[in-house]
Amino acid sequence: MCCPIFSGVMFFNRWMSSWARASEDLFTDRNEINSETLSQAIRAAASEEPDADGSVLFGQLQGTVVGLRYYTGVVNQGEMVGLVREPQNPYDRNAVMVANIYGNQVGHIKRELAAAMAYVMDNKLAKVEGVVHYGTKNKFNMPVMLSFWGKEENKNTVVESMLRRGYKLNTGGIKSAEAFLCFQLKNAFDNLFEGLMESKDGEKEAAKSVATPLLLHQKQALSWMCSRENKCTLPPFWEKRGDLYYNTLTHFSAREVPERVRGGILADDMGLGKTLTTIALILTNFHNGKPLPVEMSVSVNNMKQCKFWARVDKYLKTDLLHLLIPCLNDCLLLLSSVNLQDQFEQHVHANVKLNVYLYYGSERNRSKKFLSSQDVVITTYNVLSADFEVSRGSPLHGIHWLRVVLDEGHTIRNPNAQMSKAVLQLKAQRRWILSGTPIQNSVKDLWTLLAFLRLKPFDVREWWNRVIQRPAMQGDRAGLQNLQTLVKCITLRRTKTSEVNGRPLVSLPEKMVCVEQVELNQQEREEYELARNEGRSTIGRYVAEGTVLRNYADVLAILMRLRQHCCHPDLLAKISSDLGAAATPAELRERLVEKLRLVLASGSDEECSVCLDSVCLPVITHCAHVYCRPCIAKVISTQQGTARCPLCRSDIKETELVEVPLEEMEDESSTHAKKWRTSSKVQALMGNLLRLQSEDRSIKCLVVSQFTRFLSILETPLREHGFSFVRLDGTMSQKKRAQVIQDFQSSAANSPSIMLLSLKAGGVGLNLTAASHVFLMDPAWNPATEEQCIDRCHRLGQKRKVVVTKFIVKDSVEENMVRIQRKKQDLVEKAFGSANTDKKTSRIDDIKALLEL
DNA sequence: ACCGCCGGGTGCC
DNA sequence: ACCGCCGGGTGCC
């Protein structure tokens with residue numbers, strides 16, 4: 001097995017001097033480059049560090065570190081040391097190297113002991129950790145207390161294998177974490193981000209180039225962010241002792257100042273203006289506390305301007321740039337990236353010209369020189385990781401940025417994800433994470449964030465695990481306390497309900513939600529009842545047979561048809577027939593694709609039963625159940641040839657998983673071809689729109705549906721009545737979206753007054769504050785989706801009272817859906833945490849309720 | 001490094 | 001003199 005940390009250190013030792021020599025960058029001091037190189041090397045190496053979850057202490061053993069006089073690494077009394085296998089050592093393939101926190105080698109473990117440890121370490125039976133309690137001044141060797149940690153089931157193997165080689169693990173006096181501490185732990189997590197909003201550093205005015213006036217709490221955030229970038233405060237747990245810098249947790253000390261973290265986590269609630277504050281930071285705190293020098297398009301003497309630019313270019317074309325990475329793991333969030341650009345236009349003074357480049361799309365300019373000439377480069381996590389995987393020559397990784405800002409930073413919480421690895425490799429002087437939800441489930445999620453911020457020594461996983469994660473997970477009070485301190489130092493978090501000087505941070509205009517009942521006309525009602533009775537008898541049969549889950553896709557298809565009836569008859573254009581009737585494989589495939597599309601469009605099964613999270617890369621099995629491709633692939637590979645569908649136990653094969661072909665995602669042609677007709681719901685909407693228009697022509701509306709084909713149908717009457725409208729759905733390209741949003745947000749007299757919005761395109765970060773009225777054409781299964789959509793306009797920047805109208809067809813499946821929505825919300829509120837104990841059963845109950853069975 | 005180990009010098013007491 | 005003992009050279013893995 002190779003030994004990554006070791007090679008990393010070697011790399012550093014060999015190249016350190018040349019790095020230092022080469023570093024003549026005006027804006028970066030030497031230490032920064034050096035430690036950057038080292039930590040990068042170590043970080044890349046340490047990414048294989050296993051999780052410390054559920055580790056128990058097997059026992060301890062006094063060992064010896066030898067060969068001290070050959071190495072420069074020193075340790076303090078009580079200091080933690082790392083033990084790294086060194087199988088390539090020419091003298092002993094069992095060698096175990098001892099290194100301090102900075103990766104400097106201290107010595108080796110004595111040969112015989114190393115041989116015993118090598119077996120345990122190489123077979124991953126235990127993780128061995130060392131602490132030096134005394135003898136740190138010794139010349140030739142020193143004692144080290146070794147602790148063996150691992151999974152309970154490996155304990156005996158480890159103890160016995162060490163004993164066979166004459167090393168007895170001392171297992172006495174080990175106290176295991178008490179169960180009741182779990183409760184405490186949960187509390188501690190919940191409170192981790194509490195109390196972070198106490199006033200930090202007063203407030204700061206934004207540079208003149210910021211067009212939008214900052215609110216008080218935003219000025220406070222700006223002040224905090226500037227001071228995080230400019231002040232030379234030591235990172236948490238470091239203190240100066242004599243002429244040394246000492247880490248109180250690891251007991252490591254160094255002569256050099258520990259690299260400070262220029263940045264942090266801005267974890268304000270959604271809607272408090274994190275983006276605006278960040279834009280203000282970019283423009284206000286460029287270098288040495290000076291604002292970003294940007295071109296003013298006011299007419300100046302030409303010559304003078306040229307000279308000015310020559311100077312500015314010198315700043316900007318070096319390698320000091322901003323890289324903004326908005327969240328982009330599905331099409332909903334794509335919008336947030338475009339929106340970001342929109343926000344630059346909105347919040348930056350019109351006279352100021354800022355070069356903002358959107359780095360995505362196949363035509364993106366990969367030239368390092370070009371990218372370096374921009375003031376701001378915006379890209380997505382996907383693009384970044386795609387570039388990173390393709391080759392070492394990823395343009396974004398070749399640039400030393402002034403700032404890297406991660407929007408929706410919690411996307412990188414999984415350290416094993418390619419995206420996270422790509423993000424961690426970015427080179428930057430200042431690093432920021434914007435996130436509305438910093439810790440979702442556990443302390444584990446924090447590691448990548450701290451690693452990104454380069455918070456020493458926790459950017460190396462081992463030290464994070466030993467000092468913070470494991471103690472915290474095991475309910476150790478000091479561990480939790482340290483975690484809290486750590487987070488507190490680098491995070492600013494305010495909630496919507498936080499107060500400044502006794503007043504709420506933001507006051508949004510009032511929001512009114514009303515339900516408008518729609519009555520079907522006689523013909524619609526007859527058609528609806530026909531479909532309902534048919535569906536009822538089919539589902540009733542499934543319930544009686546106990547085969548609801550096996551026929552889940554069918555059930556959803558029935559519900560789907562009923563929901564479509566409620567909106568418009570033309571939505572039912574395609575009716576999928578029974579799977580069993582498929583004659584050829586091609587036909588079967590076609591039907592499965594159709595069902596998958598129905599399931600996805602219905603929005604009913606947003607979660608994969610394997611990961612219990614939203615389905616990503618959806619595939620459908622031959623038994624018509626939908627999963628994330630990676631999840632079901634894992635199930636299939638672990639069950640080796642005898643794989644069964646987790647929901648219905650039918651045989652499944654990897655080769656039989658079907659996904660929706662990309663080009664098939666939407667076909668509009670069929671609907672356009674038919675002669676247009678109206679429906680009760682369409683008329684209800686049009687009545688509202690016409691009334692509003694007559695009351696106030698400046699009012700803008702969002703018309704939201706889950707069915708993009710319904711949006712298409714709505715285009716006809718809107719055109720007929722002369723409304724100016726735009727449309728935004730998931731199928732549109734980034735550029736098109738940006739254009740549409742810009743048009744809609746414009747306050748020009750001839751700007752569109754209506755946006756047709758597909759529910760799923762209304763993702764986080766999308767800003768549609770120009771609208772003050774929202775029409776939800778059809779109920780969603782998940783009320784949170786609706787809320788999220790409403791929040792696109794009921795957010796900071798909204799000047800008017802927001803009115804939301806939900807159309808619900810009377811005596812229909814829609815009414816029942818609303819009932820179930822409420823029930824689910826109650827359930828979540830009442831029994832928090834135990835809500836997903838029996839999801840499947842509750843889903844069957846839901847289906848019964850929907851059809852009044 | 002005030003140890004252990006190695007190997008050459010040496011050899012009654 | 002195929003041992004023991006002495007004392008100098010030496011020293012991580």
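All chains are named by letter (A, B, ...) in the order of the sequence lines, taking the proteins before the strands, and each is independently numbered beginning at 1.
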Suppose you measure atom C1' in B/dA1 against the same atom in B/dC5; what distance do you get, rounded to whole Å? 12 Å

Could you tell me the separation between the CG atom of A/Leu68 and the P atom of C/dC12, rounded to a whole number of Å? 11 Å

Rounded distance (nearest 0.5 Å) linking atom CD of A/Glu112 with atom CG of A/Asp92: 9.5 Å

What about A/Trp401 and A/Trp432, are their ring centers closer than 6.0 Å? no

Over how many whole Å does the gap from A/Tyr70 atom OH to C/dC13 atom P extend? 9 Å

How long is the line joining CZ of A/Arg85 and P of C/dC13, in whole Å? 14 Å

According to the 5.5 Å centroid and 30° plane-angle thresholds, does A/Tyr91 stack upon the nucleobase of C/dC12? no

What's the CD-P distance between A/Gln105 and C/dC13, to the nearest Å? 12 Å

Give the table of side-chain donor-acceptor pairs shorter than 3.5 Å for residues 130-143 of chain A, with sequence neighbours excluded, one pair per line with atom names and distance.
from, atom 1, to, atom 2, distance (Å)
A/Asn138, ND2, A/Gly135, O, 3.4
A/Asn138, ND2, A/Asn141, O, 2.8

Give the rounded distance in Å between these two atoms: CZ of A/Phe140 and P of C/dC12. 10 Å

Taking any strand in view, what nucleotide pairs with C/dC3 in a Watson-Crick or G-U wobble way, both distances under 3.5 Å? B/dG11

Once you round it to whole Å, what is the distance between C1' of B/dC3 and CG of A/Asn138? 13 Å

Kindly say whether, by distance alone, the side chain of A/Asp92 makes a donor-acceptor pair under 3.5 Å with the base of C/dC13? no

Below 3.5 Å, can you tabulate the donor-acceptor pairs from side chains in residues 238-245 of chain A to any protein atom, sequence neighbours excluded?
from, atom 1, to, atom 2, distance (Å)
A/Trp238, NE1, A/Lys456, O, 3.4
A/Glu239, OE2, A/Arg241, NE, 3.0
A/Glu239, OE2, A/Arg241, NH2, 3.1

Can you tell me how far P of C/dC12 sits from NZ of A/Lys110, to the nearest Å? 12 Å

Please report the distance, rounded to the nearest Å, between CD in A/Glu112 and C1' in B/dG4. 12 Å

